[in-house]
Amino acid sequence: SAVISQKPSRDICQRGTSLTIQCQVDSQVTMMFWYRQQPGQSLTLIATANQGSEATYESGFVIDKFPISRPNLTFSTLTVSNMSPEDSSIYLCSVGSGGVNEQFFGPGTRLTVL
Amino acid sequence: GNSVTQMEGPVTLSEEAFLTINCTYTATGYPSLFWYVQYPGEGLQLLLKATKADDKGSNKGFEATYRKETTSFHLEKGSVQVSDSAVYFCALSKPGSNYQLIWGAGTKLIIKP
(Lines give C-alpha, C1' and ligand atoms only; values in the text may rest on other atoms or scores of the structure.)
Protein backbone atom coordinates (compact mmCIF):
# COMPACT_ATOMS: atom_id res chain seq x y z
CA SER A 1 0.00 0.00 0.00
CA ALA A 2 1.08 3.58 -0.64
CA VAL A 3 2.27 5.86 2.18
CA ILE A 4 0.81 9.33 1.96
CA SER A 5 1.75 12.48 3.85
CA GLN A 6 -0.06 15.80 3.98
CA LYS A 7 1.03 19.27 4.98
CA PRO A 8 -0.02 21.10 7.01
CA SER A 9 -1.66 18.73 9.45
CA ARG A 10 -3.81 21.57 10.79
CA ASP A 11 -4.20 25.30 10.40
CA ILE A 12 -6.30 28.18 11.63
CA CYS A 13 -6.91 30.81 8.98
CA GLN A 14 -8.67 34.11 8.64
CA ARG A 15 -11.63 34.49 6.30
CA GLY A 16 -10.77 35.79 2.87
CA THR A 17 -7.33 34.16 2.80
CA SER A 18 -6.21 31.04 0.94
CA LEU A 19 -4.47 27.87 2.08
CA THR A 20 -2.57 25.37 -0.04
CA ILE A 21 -2.49 21.77 1.15
CA GLN A 22 0.23 19.44 -0.08
CA CYS A 23 -0.07 15.70 -0.63
CA GLN A 24 3.04 13.56 -1.14
CA VAL A 25 3.02 9.85 -2.02
CA ASP A 26 5.94 7.46 -1.64
CA SER A 27 5.29 5.80 -5.01
CA GLN A 28 4.03 6.79 -8.44
CA VAL A 29 0.26 6.67 -8.73
CA THR A 30 -2.10 7.63 -11.50
CA MET A 31 -5.24 8.52 -9.58
CA MET A 32 -5.28 11.01 -6.72
CA PHE A 33 -8.39 12.28 -5.00
CA TRP A 34 -9.23 15.21 -2.77
CA TYR A 35 -12.05 14.94 -0.25
CA ARG A 36 -13.72 17.20 2.27
CA GLN A 37 -15.04 15.80 5.54
CA GLN A 38 -17.14 18.20 7.55
CA PRO A 39 -17.40 17.58 11.30
CA GLY A 40 -19.22 14.33 12.05
CA GLN A 41 -19.95 13.72 8.38
CA SER A 42 -18.96 11.30 5.67
CA LEU A 43 -16.53 12.04 2.88
CA THR A 44 -17.42 14.29 -0.03
CA LEU A 45 -15.28 14.02 -3.15
CA ILE A 46 -14.04 17.42 -4.32
CA ALA A 47 -12.09 16.36 -7.39
CA THR A 48 -9.99 13.71 -9.08
CA ALA A 49 -6.48 14.80 -9.98
CA ASN A 50 -4.69 13.01 -12.82
CA GLN A 51 -1.15 13.84 -13.77
CA GLY A 52 -0.85 15.84 -16.96
CA SER A 53 -4.48 16.83 -17.23
CA GLU A 54 -6.98 19.15 -15.62
CA ALA A 55 -8.60 17.97 -12.44
CA THR A 56 -12.15 16.69 -12.70
CA TYR A 57 -14.46 18.42 -10.21
CA GLU A 58 -17.59 17.01 -8.66
CA SER A 59 -20.89 18.82 -8.67
CA GLY A 60 -20.82 21.74 -6.26
CA PHE A 61 -17.05 22.28 -6.45
CA VAL A 62 -15.35 24.67 -8.87
CA ILE A 63 -11.79 25.28 -9.92
CA ASP A 64 -11.80 28.94 -8.85
CA LYS A 65 -12.55 27.94 -5.27
CA PHE A 66 -10.47 24.74 -5.13
CA PRO A 67 -7.62 24.93 -7.65
CA ILE A 68 -5.60 21.72 -7.86
CA SER A 69 -2.15 21.05 -9.22
CA ARG A 70 -0.71 17.66 -10.15
CA PRO A 71 2.78 18.26 -11.46
CA ASN A 72 3.98 14.64 -11.27
CA LEU A 73 2.93 11.13 -10.24
CA THR A 74 3.83 11.54 -6.55
CA PHE A 75 2.58 15.00 -5.62
CA SER A 76 -0.53 17.17 -5.67
CA THR A 77 -1.78 20.35 -4.04
CA LEU A 78 -5.26 21.60 -3.22
CA THR A 79 -5.84 25.29 -2.56
CA VAL A 80 -8.85 26.47 -0.62
CA SER A 81 -9.38 30.03 -1.87
CA ASN A 82 -11.11 33.03 -0.34
CA MET A 83 -12.00 31.02 2.72
CA SER A 84 -15.09 31.42 4.85
CA PRO A 85 -16.03 29.68 8.12
CA GLU A 86 -18.08 27.20 6.06
CA ASP A 87 -14.80 25.85 4.67
CA SER A 88 -13.80 24.60 8.12
CA SER A 89 -13.36 20.88 7.54
CA ILE A 90 -10.89 18.07 7.31
CA TYR A 91 -9.36 17.86 3.83
CA LEU A 92 -8.13 14.41 2.83
CA CYS A 93 -5.91 13.30 0.01
CA SER A 94 -6.12 9.72 -1.24
CA VAL A 95 -4.63 7.63 -4.01
CA GLY A 96 -5.97 4.76 -6.04
CA SER A 97 -3.74 1.74 -5.80
CA GLY A 98 -3.96 -2.01 -5.91
CA GLY A 99 -5.94 -4.30 -8.14
CA VAL A 100 -9.41 -3.94 -6.65
CA ASN A 101 -10.09 -0.21 -6.82
CA GLU A 102 -9.08 0.53 -3.24
CA GLN A 103 -7.95 3.93 -2.04
CA PHE A 104 -5.31 4.80 0.52
CA PHE A 105 -5.54 7.98 2.55
CA GLY A 106 -3.28 10.61 3.98
CA PRO A 107 -3.71 11.73 7.60
CA GLY A 108 -5.78 14.76 6.64
CA THR A 109 -5.51 18.52 7.12
CA ARG A 110 -7.73 20.03 9.78
CA LEU A 111 -8.72 23.52 8.72
CA THR A 112 -10.47 26.07 10.89
CA VAL A 113 -11.53 29.36 9.35
CA LEU A 114 -12.31 32.23 11.70
CA GLY B 1 -28.24 4.70 -8.78
CA ASN B 2 -25.37 3.36 -6.76
CA SER B 3 -25.47 3.93 -3.03
CA VAL B 4 -24.40 2.63 0.37
CA THR B 5 -26.55 2.65 3.50
CA GLN B 6 -25.10 2.11 6.96
CA MET B 7 -26.77 1.81 10.29
CA GLU B 8 -26.91 5.06 12.17
CA GLY B 9 -24.67 5.65 15.10
CA PRO B 10 -23.41 6.09 17.57
CA VAL B 11 -23.24 2.45 18.53
CA THR B 12 -22.25 2.04 22.17
CA LEU B 13 -21.06 -1.32 23.48
CA SER B 14 -19.23 -2.67 26.47
CA GLU B 15 -15.79 -4.20 26.10
CA GLU B 16 -15.87 -7.84 24.91
CA ALA B 17 -19.36 -7.46 23.40
CA PHE B 18 -20.23 -8.76 19.94
CA LEU B 19 -20.31 -6.12 17.23
CA THR B 20 -22.40 -5.87 14.08
CA ILE B 21 -22.50 -2.76 11.91
CA ASN B 22 -24.96 -3.14 9.06
CA CYS B 23 -24.16 -2.06 5.53
CA THR B 24 -26.37 -2.55 2.47
CA TYR B 25 -25.78 -1.33 -1.04
CA THR B 26 -27.36 -0.78 -4.41
CA ALA B 27 -25.14 -1.05 -7.45
CA THR B 28 -25.01 -2.02 -11.06
CA GLY B 29 -22.66 -4.80 -11.99
CA TYR B 30 -20.31 -6.39 -9.48
CA PRO B 31 -18.60 -3.79 -7.33
CA SER B 32 -15.86 -4.41 -4.83
CA LEU B 33 -16.84 -3.67 -1.22
CA PHE B 34 -14.76 -2.10 1.52
CA TRP B 35 -14.76 -1.20 5.18
CA TYR B 36 -12.59 1.71 6.26
CA VAL B 37 -11.90 2.85 9.81
CA GLN B 38 -11.12 6.35 11.04
CA TYR B 39 -9.64 6.62 14.51
CA PRO B 40 -10.01 9.95 16.33
CA GLY B 41 -7.88 12.65 14.77
CA GLU B 42 -6.61 10.44 11.94
CA GLY B 43 -7.23 9.74 8.28
CA LEU B 44 -9.00 6.67 6.97
CA GLN B 45 -7.45 3.21 6.93
CA LEU B 46 -8.59 0.31 4.81
CA LEU B 47 -9.84 -2.33 7.24
CA LEU B 48 -10.97 -5.08 4.90
CA LYS B 49 -12.32 -5.71 1.43
CA ALA B 50 -14.16 -8.26 -0.71
CA THR B 51 -14.28 -8.40 -4.47
CA LYS B 52 -16.96 -10.95 -5.34
CA ALA B 53 -20.02 -12.68 -3.97
CA ASP B 54 -19.43 -14.89 -0.91
CA ASP B 55 -15.93 -13.49 -0.39
CA LYS B 56 -15.11 -12.88 3.26
CA GLY B 57 -12.77 -10.04 4.13
CA SER B 58 -11.05 -10.12 7.50
CA ASN B 59 -8.51 -8.10 9.45
CA LYS B 60 -7.75 -7.37 13.12
CA GLY B 61 -10.56 -9.69 14.25
CA PHE B 62 -13.13 -7.96 12.05
CA GLU B 63 -14.98 -9.84 9.30
CA ALA B 64 -17.48 -9.03 6.57
CA THR B 65 -19.01 -11.28 3.92
CA TYR B 66 -20.10 -10.07 0.47
CA ARG B 67 -23.74 -11.19 0.24
CA LYS B 68 -25.10 -10.55 -3.22
CA GLU B 69 -28.53 -12.05 -2.51
CA THR B 70 -29.14 -9.55 0.29
CA THR B 71 -26.86 -6.82 -1.12
CA SER B 72 -25.14 -6.57 2.24
CA PHE B 73 -21.64 -6.36 3.67
CA HIS B 74 -22.13 -6.29 7.44
CA LEU B 75 -19.10 -5.76 9.66
CA GLU B 76 -18.71 -8.10 12.64
CA LYS B 77 -16.30 -8.65 15.48
CA GLY B 78 -16.65 -11.24 18.21
CA SER B 79 -15.16 -9.30 21.11
CA VAL B 80 -14.58 -5.56 20.87
CA GLN B 81 -11.97 -3.57 22.74
CA VAL B 82 -11.84 0.04 23.83
CA SER B 83 -9.24 0.61 21.12
CA ASP B 84 -11.85 -0.25 18.46
CA SER B 85 -13.63 3.02 19.20
CA ALA B 86 -13.66 4.83 15.86
CA VAL B 87 -15.86 5.73 12.91
CA TYR B 88 -16.42 2.92 10.42
CA PHE B 89 -17.23 3.60 6.76
CA CYS B 90 -18.65 1.13 4.26
CA ALA B 91 -17.87 1.83 0.60
CA LEU B 92 -18.25 0.31 -2.84
CA SER B 93 -16.25 0.79 -5.98
CA LYS B 94 -18.06 3.02 -8.44
CA PRO B 95 -18.90 0.93 -11.50
CA GLY B 96 -17.05 1.93 -14.61
CA SER B 97 -14.61 4.20 -12.81
CA ASN B 98 -10.97 3.98 -11.85
CA TYR B 99 -10.70 3.74 -8.09
CA GLN B 100 -13.63 6.03 -7.31
CA LEU B 101 -15.60 4.91 -4.27
CA ILE B 102 -19.15 5.53 -3.11
CA TRP B 103 -19.30 6.06 0.62
CA GLY B 104 -21.74 5.30 3.38
CA ALA B 105 -22.46 7.92 6.03
CA GLY B 106 -20.20 6.30 8.61
CA THR B 107 -21.04 4.70 11.94
CA LYS B 108 -19.44 5.92 15.13
CA LEU B 109 -18.55 3.10 17.51
CA ILE B 110 -17.98 3.77 21.21
CA ILE B 111 -16.63 0.98 23.39
CA LYS B 112 -16.89 1.46 27.14
CA PRO B 113 -14.54 -0.37 29.53
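Throughout, protein chains are lettered first and strands after them, A, B, ... in sequence-line order, and every chain is numbered starting at 1. What's counted below: heavy atoms across the whole structure, side chains too, no hydrogens, waters or symmetry copies.
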Which bit of B:Leu101 comes within less than 4.5 Å of chain A, counting heavy atoms only: side chain, backbone, both or neither?
-> both
Tell me whether A:Met31 is reachable from A:Leu73 by hopping between hydrophobic residues (I, L, V, M, F, W, Y) whose side-chain heavy atoms are closer than 4.5 Å.
-> no
Which atoms of A:Leu45 approach chain B - backbone, side chain, both or neither, heavy atom under 4.5 Å | side chain
Cluster question for you: counting only ILVMFWY and a side-chain heavy-atom cut-off of under 4.5 Å, with indirect links fine, are A:Phe61 and A:Leu19 together?
-> yes
Answer with yes or no whether the hydrophobic clustering places B:Phe62 together with B:Phe34; edges join I, L, V, M, F, W, Y residues whose side-chain heavy atoms lie under 4.5 Å apart.
-> no
Flag if over 12 foreign heavy atoms under 6.0 Å of CD1, B:Ile110 | yes
Go through B:Leu44 and A:Leu43 one step at a time and tell me if the side chain to side chain contact (heavy atoms under 4.5 Å, CB included) criterion holds.
-> CA-CA 10 Å; B:Leu44 277 74; A:Leu43 285 74; 3.9 Å; yes
For the hydrophobic clusters of this structure (ILVMFWY residues joined by side-chain heavy atoms under 4.5 Å, transitively), does one cluster hold both B:Leu109 and B:Leu46?
-> no
Could you work out all donor-acceptor pairs shorter than 3.5 Å where one atom is in chain A and the other in chain B?
{"residue": "A:Tyr35", "atom": "OH", "partner": "B:Trp103", "partner atom": "NE1", "Å": "3.2"}
{"residue": "A:Gln37", "atom": "OE1", "partner": "B:Gln38", "partner atom": "NE2", "Å": "2.9"}
{"residue": "A:Gln37", "atom": "NE2", "partner": "B:Gln38", "partner atom": "OE1", "Å": "2.9"}
{"residue": "A:Ser42", "atom": "OG", "partner": "B:Gly104", "partner atom": "O", "Å": "2.6"}
{"residue": "A:Thr48", "atom": "OG1", "partner": "B:Gln100", "partner atom": "NE2", "Å": "3.3"}
{"residue": "A:Gly98", "atom": "O", "partner": "B:Tyr99", "partner atom": "OH", "Å": "2.9"}
{"residue": "A:Glu102", "atom": "OE1", "partner": "B:Lys49", "partner atom": "NZ", "Å": "3.1"}
{"residue": "A:Glu102", "atom": "OE2", "partner": "B:Lys49", "partner atom": "NZ", "Å": "3.0"}
{"residue": "A:Gln103", "atom": "N", "partner": "B:Tyr36", "partner atom": "OH", "Å": "3.0"}
{"residue": "A:Gln103", "atom": "O", "partner": "B:Tyr36", "partner atom": "OH", "Å": "2.7"}
{"residue": "A:Gln103", "atom": "NE2", "partner": "B:Tyr99", "partner atom": "O", "Å": "2.6"}
{"residue": "A:Pro107", "atom": "O", "partner": "B:Gly43", "partner atom": "N", "Å": "3.4"}
{"residue": "A:Arg110", "atom": "NH2", "partner": "B:Gly41", "partner atom": "O", "Å": "2.8"}
{"residue": "A:Arg110", "atom": "NH2", "partner": "B:Glu42", "partner atom": "O", "Å": "3.4"}

Transitive ILVMFWY side-chain link B:Ile111 to B:Val37, under 4.5 Å = yes
Assert top hit (heavy-atom pairs under 4.5 Å, partner chain B, pool A:Phe33, A:Phe104, A:Phe105) equals A:Phe105
